[in-house]
Amino acid sequence: MAVELVENKLKNPLPVHLVGRDGLEAAGLSPSIVAWARANGFSGEAGRTLAVPGENGALGGAMFGLGDGEGALGLGALSKTLPEGDWHFASAPAEPELAAIALALGGYVFTRYGKKPGKALRFELPAGVDAQRVRRIADGVFLTRDLINTPTNDMGPDDLERAVRALAGTHKAEVSVIKGDDLLTQNFPMIHAVGRASSGAPRLIDMTWGQQGAPKVTLVGKGVCFDTGGLDIKPSSGMVLMKKDMGGAANVLGLASMIMAAGLKVRLRVLIPAVENSIAGNAFRPGDVLASRKGISVEIGNTDAEGRLVLGDALALADEEEPRLLVDMATLTGAARVALGPDLPPFYTDDEALASELAAASLAVEDPLWRMPLWRPYDAKLSSKIADINNVTTDGFAGSITAALFLKRFVEKTASWAHFDIFAWNPADRPYGPAGGEAQGIRALERIISMRHG
């Protein structure tokens, strides 16, 4: 963790004074600090850090602008803007735990390919904050970001499997893998079809952890390690970020890390169909009809709608166990980005209680989510003249909704299911993380699962 969060009292840490917009007088600052702020045009605007001089020209601390209450995650900017050294909050933030999480997340740097680590900062945790919880949440987010940021030459299906095995080894989880043509003999035909054109064999990775008999929580993540679009090939501009098409897998692994590190009382299962949607003579084609584990025949209207195919087989397997909670996460549709942008992932569920919990948790931990409808009349848009269903619609409308409706066909027995259509990427630097791979929705899900099974 680039920013070291310290539980014990530090010796002579410098203070960070939190100031709301136009709130210098209300912040309890000394007249000299107020005068310094005014001389430097500082009025508490959101995200601005101003160093405060001390005696004999030494650094005396800093002020940070809270603006009009944009949220605790904005404090992550301190991890980039504070000078190196030891720090503490001069007065407790409104949301102490979120403030600590923000500091941790804001200090993230992806260093695998030579980028230098960030500043050496130590920050005294606010009173009452559970340091272990903050660390395991940050570790889960960092795992997610690292996996997404790694390019496909180092994060193909083989590498993704190794990452799962490494996580499983840390927490004494069990891993089994169905790979290559064994997918056909064990009835996962859509996973096989999508991945068979790649030099990296397609596979279904299955990780389990926790006591037998505990409530079953199953996470399914789209693990398309690169997506050319298949024979319906993407333009070059559409491939630039396709290393992140395994962002669903990365996010469920980050969530699994949080759950296992906390020792939650669940029987956890993580299913990742890991494939590369490549182009070769044996690639699946537009117009093909694929069998599925569920017994539903699927006409291929577009080979670039491959994520729902691999998820369909994995969800069918998950549903056979009837888990207490079934969650799938996927970088599934551009339509979700058009509707809600990169920062606000939609989720879909018929479980009203779960929907309410997700809405509340999203606000509580500042992990944005927005519920979208499983609008049944649109189900007809997926009709096929020769198969049970088509993998795309013909009119191009409501793409995220119809993708969710496609997936719902493969979840029949599980009472509580939610689908998350995530972007898994920051297009620009945020206070809580740099441009690049991002965890979305998993801190909200962690809150719900830990409250249910802590």
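Predicted model, so just to flag it, every value in this text is computed and none were measured.
Listed by chain and residue number, nothing satisfies the side chain to side chain donor-acceptor pair (under 3.5 Å) test with Glu84 (two or more places apart in sequence, or in another chain). Considering only residues two or more places apart in sequence or on other chains, Lys234 meets the salt bridge (charged side-chain N to carboxylate O under 4.0 Å, His left out) condition with Asp227, Asp304. In this structure Tyr108 satisfies the side chain to side chain donor-acceptor pair (under 3.5 Å) test together with Asp146, Asn149, sequence neighbours excluded. Residues satisfying the salt bridge (charged side-chain N to carboxylate O under 4.0 Å, His left out) test with Arg145, not counting sequence neighbours, are Glu438. When the side chain to side chain donor-acceptor pair (under 3.5 Å) test is applied to Gln186, no partner is found at least two apart in sequence or on another chain. Qualifying side chain to side chain donor-acceptor pair (under 3.5 Å) partners for Asp22, counting only residues two or more places apart in sequence or in other chains: none. Under the rule for a ring-ring contact (aromatic ring centres under 6.0 Å, His included), Phe188 has no partner lying at least two apart in sequence or in another chain. Partners of Lys80 according to the salt bridge (charged side-chain N to carboxylate O under 4.0 Å, His left out) rule, which considers only residues two or more places apart in sequence or in another chain, do not exist here. Glu352 meets the salt bridge (charged side-chain N to carboxylate O under 4.0 Å, His left out) test with Arg371; sequence neighbours excluded. Residues that satisfy the ring-ring contact (aromatic ring centres under 6.0 Å, His included) test with His192, not counting sequence neighbours, are absent from this structure. Under the rule for a ring-ring contact (aromatic ring centres under 6.0 Å, His included), Phe64 has no partner lying at least two apart in sequence or in another chain. Arg409 is linked by a side-chain contact (heavy atoms from CB on, under 4.5 Å) to Ile296, Asp379, Ile389, counting only residues two or more places apart in sequence or in another chain.
The structure places OG1 of Thr349 at 8.0 Å from CZ of Phe420, a figure rounded to the nearest 0.5 Å. With values rounded to the nearest 0.5 angstrom, Arg324 atom CZ is found 10.5 Å from Lys216 atom NZ. Going from atom CG of Asp343 over to atom CH2 of Trp425 covers 14.0 Å, rounded to the nearest 0.5 Å. Arg165 CZ to Thr170 OG1: the interatomic distance, rounded to the nearest 0.5 Å, is 14.0 Å. Taking CG from Asp159 and OG1 from Thr152, the interatomic distance works out to 9.5 Å, rounded to the nearest 0.5 Å. Rounding to the nearest 0.5 Å gives a distance of 4.5 Å between CG of Leu271 and CG of Asp206.
Residues Glu446 and Arg133 are paired through a salt bridge, judged by an N-O separation under 4.0 Å between the basic side chain and the carboxylate. A salt bridge does not link Glu161 with Lys179: none of the charged nitrogens is closer than 4.0 Å to a carboxylate oxygen. Salt bridge annotation for Arg122-Asp86: present, with a cationic side-chain nitrogen under 4.0 angstrom from a carboxylate oxygen. The pair Arg293-Asp313 does not meet the salt-bridge criterion, since no charged nitrogen lies less than 4.0 angstrom from a carboxylate oxygen. Under 4.0 Å is where a charged nitrogen must lie from a carboxylate oxygen, and between Arg337 and Asp421 at least one such pair does. Salt bridge Asp139/Arg136: absent, no basic N to carboxylate O contact under 4.0 Å. With salt bridges taken as basic N to acidic carboxylate O contacts below 4.0 Å, one links Arg135 and Glu7. For Lys9 and Glu124, the salt-bridge test passes: some basic side-chain N is under 4.0 Å from an acidic carboxylate O. A salt bridge does not link Arg447 to Asp367: none of the charged nitrogens lies less than 4.0 Å from a carboxylate oxygen. A salt bridge does not link Asp182 to Arg203: none of the charged nitrogens lies less than 4.0 Å from a carboxylate oxygen.
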Full working for side chain to side chain contact (heavy atoms under 4.5 Å, CB included) between Val270 and Val164: CA-CA 9 Å; Val270 179; Val164 176; over 6 Å; no
Check the pair Asn277, Thr228 against side chain to side chain donor-acceptor pair (under 3.5 Å), reporting the backbone distance first and the verdict last. CA-CA 6 Å; Asn277 188 19; Thr228 65; 5.0 Å; no
Show your working on side chain to side chain contact (heavy atoms under 4.5 Å, CB included) between Val175 and Thr208 and close with a plain yes or no. CA-CA 7 Å; Val175 177; Thr208 55; over 6 Å; no
Test Glu276 against Met242 for side chain to side chain contact (heavy atoms under 4.5 Å, CB included), laying out the working first. CA-CA 10 Å; Glu276 185 177 353; Met242 280 302 100; over 6 Å; no
Pair Tyr113, Thr150 - check side chain to side chain donor-acceptor pair (under 3.5 Å), show working. CA-CA 9 Å; Tyr113 297 100; Thr150 303; 5.1 Å; no
Checking side chain to side chain contact (heavy atoms under 4.5 Å, CB included) for the pair Ile233/Met239: CA distance, chi angles, key distance, verdict? CA-CA 9 Å; Ile233 190 170; Met239 288 194 217; 3.6 Å; yes
Trp417 and Asp328: CA distance, side-chain angles, deciding distance, side chain to side chain donor-acceptor pair (under 3.5 Å) verdict: CA-CA 8 Å; Trp417 163 70; Asp328 78 77; 2.9 Å; yes
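Of the possible polar contacts, none joining the Asp319 side chain to the Leu315 backbone as a donor-acceptor pair under 3.5 Å is found. A side-chain donor-acceptor contact under 3.5 Å links Thr331 to the backbone of Asp245. Looking at Ser362, its side chain does come within 3.5 Å of a backbone N or O of Leu369 through a donor-acceptor pair. In terms of modelled atom types and a separation under 3.5 Å, the side chain of Ser79 and the main chain of Leu103 share a donor-acceptor contact. In this structure, Ser400 contributes its side chain and Ala335 its backbone to no donor-acceptor pair below 3.5 Å. No donor-acceptor distance shorter than 3.5 angstrom exists from the side chain of Ser257 to the backbone of Leu253, with no hydrogens or angles considered. Looking at Trp209, its side chain does come within 3.5 Å of a backbone N or O of His171 through a donor-acceptor pair. When atom types are taken as modelled, the side chain of Gln440 and the backbone of Phe423 share a donor-acceptor pair closer than 3.5 angstrom.
When side chains are defined from C-beta on, Phe406 does not count as touching Leu311, because their heavy atoms never get closer than 4.5 Å. Annotation: side chain of Pro126 is in contact with side chain of Phe89 (closest heavy-atom distance under 4.5 Å). Taking the side chain as every heavy atom from C-beta outward, Leu29 and His17 approach each other to under 4.5 Å. Looking at Lys244 and Leu147, their side chains never come closer than 4.5 Å, going by heavy atoms from C-beta outward.
Nearest heavy atom pair, residue Leu340 against residue Pro346, reads CD1-CB, 3.6 Å. The two atoms that bring Pro434 and Asn426 nearest to each other are O-ND2, 3.3 Å, heavy atoms only.
With Leu219 as the partner, the side chain to side chain contact (heavy atoms under 4.5 Å, CB included) test is satisfied by one option alone out of Ile272, Ile442, Val327: Val327.
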